[in-house]
Structure formats: structure tokens, C-alpha cells
Peer 1: 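Below: one structure in C-alpha cells.
Proteins get letters first, then strands, A, B, ... in listed order; numbering begins at 1 in each. Everything numeric in this text was worked out from a predicted model, so none of it was measured.
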2 protein chains.
Amino acid sequence: MRATLLHGPRDVRVEQVPDPVVRRPTDAVVRVVASCVCGSDLWPYRGVRPVREPRRIGHEFVGVVEEVGSDVARVAVGDFVVAPFAISDGTCVHCRNGVHTSCVHGESWGSADRYGDMVDGGQGEYVRVPLADGTLVVTPEHPDDALLPHVLTLTDVMGTGHHAALAGGVRAGSTVAVVGDGAVGLCAVIAARRLGAERVVAMSRHEARSALAVRFGATDVVAERGDEGAAAVIDLLGGVGPDAVLECVGTKESMQQALDTVRPGGRVGYVGVPAGGPELPVPQLFGANIGVLGGVAPVRAYIEGLLPDVWAGTIEPGLVFDGTFALDEIGAAYAAMDERTVTKSLVLP
Amino acid sequence: MRATLLHGPRDVRVEQVPDPVVRRPTDAVVRVVASCVCGSDLWPYRGVRPVREPRRIGHEFVGVVEEVGSDVARVAVGDFVVAPFAISDGTCVHCRNGVHTSCVHGESWGSADRYGDMVDGGQGEYVRVPLADGTLVVTPEHPDDALLPHVLTLTDVMGTGHHAALAGGVRAGSTVAVVGDGAVGLCAVIAARRLGAERVVAMSRHEARSALAVRFGATDVVAERGDEGAAAVIDLLGGVGPDAVLECVGTKESMQQALDTVRPGGRVGYVGVPAGGPELPVPQLFGANIGVLGGVAPVRAYIEGLLPDVWAGTIEPGLVFDGTFALDEIGAAYAAMDERTVTKSLVLP
């Protein structure tokens with residue numbers, strides 16, 4: 001089959017690799033119907049995380065089950081499935097606590113599992129899925145082309161935005177600011193409104209993205225950043241920061257902006273993968289009773305809850321995809337995100 | 001009147017100072033019936049925070065109202081009152097949000113207020129109380145000698161322990177570990193049990209304090225610290241860390257111990273005043289979805305809620321006082337805490 005390999009900085013290639021097969025009774029093999037490029041894929045792509053040898057990549061995909069192992073009971077051949085970005089058994093104590101990303105049997109897409117066997121990356125034609133019963137979620141039917149992008153966001157960005165909102169404690173009547181206008185930040189706007197937030201301030205200086213934030217329910221847009229951005233949000237809300245700030249970037253600067261924006265006693269829900277930061281100024285947190293919650297989103301925990309709203313069209317997170325590429329155009333799919341000419345690239349094998 | 005002044009490292013003296021009077025219509029003057037020494041008083045006492053000139057000290061006291069200003073409506077002469085460690089108006093947006101420590105009109109005991117007038121410290125005979133309606137809480141009756149210590153803890157340590165438990169998200173059935181066996185940590189044990197925690201592990205290697213923790217409801221005691229302490233708690237709980245760890249010390253080491261102990265997806269509720277730390281290792285927080293909440297406790301918000309349990313004897317936080325001193329013995333009251341021969345010193349003017 002064909003699959004994407006990262007060879008080095010800004011060098012991704014589609015190459016022939018062995019077809020995946022069921023190796024363990026708990027495995028499934030899924031034919032990828034759609035996948036995408038994640039903001040976190042850009043780090044190794046940019047060389048921030050050096051690659052020693054060509055490696056498989058991609059951790060967001062949906063598709064159709066082609067084969068299942070003998071112990072797989074909840075997923076059947078022919079099912080359309082959503083694969084979250086982390087592999088989990090669904091039964092260990094951490095999964096039962098809703099923290100599937102800490103699964104004691106967790107594995108990662110695109111690298112060898114604990115038995116030394118390749119777990120394919122999502123940016124390819126087929127994927128061997130370990131712990132299929134725990135990892136995969138079956139959709140009610142096969143989604144049509146219009147629905148496909150929205151369902152695809154449940155593999156990562158929609159669930160991650162939702163995690164930020166939960167971590168921030170967003171509830172009916174909350175005031176919220178969202179730092180970051182990437183796909184996750186935009187999904188965090190959806191999530192905050194869905195949880196009942198009354199005011200959602202999108203912090204964005206990008207015309208198309210801020211327009212999408214408004215379409216997703218943002219009540220206000222603030223273009224300023226840093227100290228000025230914090231001051232502008234606080235001013236907009238009548239002199240008091242929002243109850244929750246959702247930090248969806250992962251830099252020291254974005255975290256500081258979030259901490260400077262939130263009201264005393266409020267919470268920062270953060271899901272931006274820490275990129276050499278963020279740093280947390282403890283005296284500031286302590287003095288103002290600012291809570292910091294979040295982390296790598298256990299999106300598996302949220303798929304069943306979000307799926308009905310996606311299926312019904314109540315939320316349309318798939319609008320974050322503003323570029324569609326064939327698998328053979330994977331280089332262009334990465335370059336477009338790297339150069340910020342698109343927010344998020346959808347890849348069709 | 002007589003009041004305590006800190007002159008320099010390990011040099012506290014009781015001296016004659018001007019009697020306080022009502023200076024503003026919102027003031028009250030309170031005759032101190034009991035006060036105490038706070039763990040945070042030990043920092044300037046030890047010279048960690050240098051003192052440039054003699055300064056008034058003490059921020060935990062209860063007493064009887066002697067005089068009120070013309071705008072004071074909720075407090076009357078003769079009332080017995082609890083004074084939390086922070087002065088607040090009770091009406092600003094932060095007070096309404098329950099974060100009285102961020103009151104926009106907040107003042108501090110033992111230093112000049114925004115008008116340049118002395119706000120007396122609690123370790124003296126009388127105190128001018130600004131914003132008396134917001135700051136003071138009237139008790140149902142004058143407490144007798146037996147009840148007095150318990151009521152006194154509502155000025156700080158009991159409310160601070162409660163804040164840690166709330167910040168940690170403790171609720172019915174929670175598993176909890178408490179880092180720190182000082183007065184606040186011991187009160188955190190009370191608070192956790194009061195909120196319904198099923199298991200409360202006190203981390204203590206001090207015989208008398210761990211015995212008191214057990215009396216307060218701790219189900220287990222772990223003497224080990226650091227990595228060994230974390231491992232021991234996790235082992236005790238069947239291989240999974242507690243839902244909440246209450247960090248009641250404020251050092252880098254104690255925070256790291258808390259973070260290493262809590263389960264993935266759990267919360268560290270911290271109230272230890274950061275002493276050159278604690279530091280927060282963001283990658284660890286992010287990877288395991290550990291939330292960190294807490295800060296300087298808005299104990300004013302909790303007095304009314306905790307007072308009935310104190311009054312009924314359901315909780316006995318005053319047992320943390322294991323040394324009682326006359327005001328003239330203030331040096332001994334500090335030295336006993338400094339040398340850890342007592343957990344907490346009660347001072348009777």
C-alpha cells in the first residue's frame with residue numbers, strides 16, 4: 001500500500017510499504033477514507049523534533065473496517081469508524097476515568113507497538129489498529145461526502161477543543177476567551193458555545209479565521225495579542241477577565257496571554273502542545289487563584305458525546321478544513337499548513 | 001495599647017502603639033480575644049523576607065466589636081467576630097465570585113491602608129478593621145473557652161485547608177493525599193473528609209501530627225517523602241494515584257511530590273505559599289492531564305459555611321493549637337513554631 005513517510009525537514013513522501021494485516025486477536029485493519037495533517041505533525045516536519053530515519057506519520061483518520069481479529073467484538077467488517085489520535089484499551093483504570101491518553105496499554109500511530117510491530121500512520125491507505133474495541137468508534141452509518149470532514153474532526157481537533165472547554169470549566173453563562181485561531185482554537189469556540197458560554201471572545205488577527213470563529217459562535221473578536229490583547233478582552237467584558245481562557249497554541253507567549261486575560265479565580269484550559277513552553281508563573285497563579293488544567297486531550301472519551309451533534313449538523317467543525325489534497329499530494333498538504341495558506345489540510349487516499 | 005512588632009530576624013517584641021480608632025465610616029475597632037501565629041509569619045521572622053524597619057504583624061484574630069463607623073450595618077458593638085486574613089469589601093465582582101483575596105478594595109493587616117492609615121496587625125490588643133461589613137463575620141454567640149480555638153481557625157488555616165480541598169475537586173468518594181502536616185495540611189484532612197472523601201492519606205513522619213491527622217479522619221499515613229512517598233501512596237491505593245493531592249507546604253519539592261502522586265487526570269489543589277517555588281513541570285502536567293488549582297485562600301468566602309460545623313463540634317480544627325501563649329510571650333510563641341516544638345501557637349492578649 002501507499003503511506004506517508006517523513007524523511008527530514010520539509011520532506012514528506014508517499015511510498016510503498018507493506019500492507020497491514022491483523023497480527024493480534026484484538027487488532028483490526030481499517031481502509032482509510034479520509035485523514036488529515038495535524039498542527040503537531042508540523043513540528044517534526046519543520047525539524048523541531050529531528051527525525052533520525054524515515055518514519056510513518058499521521059494520527060487522524062476515519063475509514064472502513066476491512067478485517068478484524070478473533071477477539072474484536074464491538075467493531076465489525078464494513079463498519080465506518082472514527083480513530084482517535086491515541087490508541088487505548090477502553091478498560092483500564094485511566095480509560096475508565098476518562099483519561100484514555102494515559103491508557104496503561106496505550107500505543108501510538110506511526111511507530112512500532114510494544115511487540116515491535118508497526119502501527120501504521122493515518123496518512124496512508126490502510127492502518128493496522130491495535131486494541132480495536134477500545135480505540136475505534138463506529139458511526140451510525142457511512143457518512144456522505146458532506147458529512148465526512150465534520151466526522152473527521154472527532155479524531156482530534158473537535159475533541160481537543162472540547163477538552164479545552166471542559167478543562168476551563170465552561171458552563172452555561174460562562175464568559176470565555178480563546179487564544180489561538182488554528183483548527184483547535186476554532187473548535188474550542190464551538191465547544192464553548194455548545195457548553196452554554198454566553199460570551200466567547202476569539203483572539204485572532206486573521207480575517208478568514210476570525211470570520212469562521214464568528215460563524216462558530218464567537219460573540220467578539222479581539223485582534224490584539226499579549227498585554228494589549230489581555231487588556232482588550234478585559235475591557236470588552238466590562239473590566240473583568242473571562243471565567244475561562246482556552247489556550248490552544250502551546251507557546252510561552254500564548255500561555256502568558258491566557259494567564260493575563262483570565263479573571264481572578266478563573267481557569268485556563270490548555271491543550272496547545274507545549275513547544276519549549278508554556279511557562280507557568282506560579283506567584284501569578286497563586287495570587288489570583290488561577291487554575292491551570294488540560295493537557296493532551298483524551299478525545300476517545302468525547303467521540304460518542306459529540307458525534308450526535310456532528311451527525312445532526314448542529315455543529316460543523318469540518319469547516320476548519322480549507323484545503324483538500326490527494327494522498328499523492330501530501331507534500332502540498334503539509335506545505336499549505338506550514339505556510340499558513342490553509343488552516344487544516346484534509347487528505348483523501 | 002500593646003501590639004507585636006517584628007524588628008528583624010527572630011526579633012519580635014510587644015510594644016506600646018497608638019490605640020486604634022474609627023477613621024472611616026466603614027471601619028470597626030475590634031478588641032482581640034485570641035490571635036495566632038501563621039506559618040507565613042515565620043518567613044519574615046526568619047529573615048527570608050527582610051524587614052527594613054519594625055513592622056506590625058499578625059493576620060489571624062477573633063474578638064469583640066468595640067466601636068463601629070456610621071456606615072457599618074452588619075456588625076454591631078458587642079458582636080463576637082471572626083476576621084479572615086484578608087480584608088475585603090464583600091461587594092466587588094471578585095468578592096461576588098468568591099475570590100475575596102482579589103477584592104478591588106482589599107487591604108492587609110499590619111500595614112498602612114490606601115489612605116496611609118495603619119491597619120493594625122492581629123497580634124495585639126485592638127485592631128482597626130477597614131471595610132468591617134465585608135470583612136467580619138459575626139458568630140451566633142460569644143464562644144466559650146473550649147470553642148474559641150476552633151473558631152479561631154476560621155480566620156485562616158481551616159478555610160485554607162478547605163480551599164485546598166475545593167481546588168483539588170474533592171467530593172464524595174474521592175481518594176486524596178495531603179502533602180504537609182502543618183496546621184493547614186491537618187485542616188485539609190478535615191476538609192477532605194467533610195466533603196466526602198473516602199480515602200485520605202496523610203503524608204507525615206511526625207508522630208503527634210500524624211496521630212492528629214488520623215483523629216481528623218485520615219484513613220492512612222505515609223511517612224516516606226519525594227519519589228518514595230509518591231510510590232508508597234500509589235501502592236497503598238492499588239496502583240493508581242489519588243484523585244486529588246492537596247499541597248499544603250509551598251516548596252518545589254512538595255509540589256513535585258504532589259504531582260508525582262496524583263493520578264492521570266487528577267488535580268493538585270495547592271495552598272502552600274510559594275517559597276521560591278513551587279515549580280511546575282509543564283510537560284508532566286500536559287502529558288498526564290494534571291490540573292493545578294488553588295492559591296491564596298479566600299477564607300472569607302468559607303466562614304459562614306464552616307462555622308455551623310465548628311459550632312456544633314462536628315469538626316475540631318482548633319486541635320491544631322498545641323501551644324498557648326500570653327501576648328507578652330510572643331517571642332516564645334514564634335520560637336516554638338520556628339523550632340517546630342508546636343504545630344501552631346495561640347496567643348491570648
Side-chain angles (χ1 to χ4, degrees), chain A residues 86 92-104 106 163 166-169 175 237-241 243 247 250-252 255 262-298 301, chain B residues 86 92-104 106 163 166-169 175 237-241 243 247 250-252 255 262-298 301:
Chain A
C92 80
V93 61
H94 302 313
C95 287
R96 294 199 307 275
N97 282 331
V99 197
H100 297 69
T101 42
S102 294
C103 176
V104 298
H163 188 58
L166 291 180
T175 52
L237 297 178
V240 180
D243 302 318
E247 195 287 302
T251 63
K252 178 182 174 182
M255 178 56 89
V262 73
R263 70 162 172 82
R267 285 200 205 171
V268 172
Y270 78 116
V271 292
V273 182
E279 294 180 15
L280 295 173
V282 176
Q284 180 182 10
L285 301 183
F286 186 86
N289 275 285
I290 299 169
V292 176
L293 298 91
V296 55
Chain B
C92 81
V93 61
H94 302 313
C95 288
R96 294 198 309 275
N97 282 331
V99 197
H100 297 70
T101 42
S102 293
C103 177
V104 299
H163 188 58
L166 291 180
T175 52
L237 298 178
V240 180
D243 302 319
E247 195 288 301
T251 63
K252 178 182 174 182
M255 178 57 89
V262 73
R263 71 163 171 83
R267 285 199 204 173
V268 172
Y270 77 116
V271 292
V273 182
E279 294 179 14
L280 295 173
V282 176
Q284 179 182 10
L285 301 183
F286 187 86
N289 275 285
I290 299 169
V292 176
L293 298 92
V296 55

Peer 1: Taking only residues two or more places apart in sequence or in another chain, which ones pass side-chain hydrogen bond (donor to acceptor under 3.5 Å, both in side chains) with A:T101?
Peer 2: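 For A:T101 there are no side-chain hydrogen bond (donor to acceptor under 3.5 Å, both in side chains) partners, ignoring immediate neighbours.
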Peer 1: Between B:V104, B:V271, B:V240, B:N97, which has the largest tally of heavy atom pairs under 4.5 Å with chain A?
Peer 2: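 Among the listed options, the one with the most contacts to chain A is B:N97.
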Peer 1: Would you say the side chain of A:V93 lies within less than 4.5 Å of the side chain of B:R263, judging by non-hydrogen atoms?
Peer 2: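 They are not in side-chain contact.
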Peer 1: So, for A:S102 and B:A288, which heavy atoms are closest and what is the spacing to 0.1 Å?
Peer 2: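 A:S102 and B:A288 have their closest heavy atoms at OG-CA, 4.2 Å.
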Peer 1: Using a 4.5 angstrom heavy-atom cutoff, name the option from B:G98, B:P281, B:G294 with the most pairs to chain A.
Peer 2: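 Max contact count across the listed options: B:G294.
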Peer 1: Select, from A:G287, A:G291, A:A167, A:P264, the one with the greatest count of heavy-atom pairs under 4.5 Å involving chain B.
Peer 2: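 Heavy-atom pairs under 4.5 Å are most numerous for A:P264.
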Peer 1: For A:L285 and B:Y270, which heavy atoms make the closest approach, and how far apart are they?
Peer 2: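 Nearest heavy atoms, A:L285 then B:Y270: CB-OH, 3.4 Å.
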Peer 1: Taking B:N289 for the side chain and A:V296 for the main chain, is one N or O donor matched with an acceptor at less than 3.5 Å?
Peer 2: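 Indeed, once roles are kept as given, a pair shorter than 3.5 Å links the two residues.
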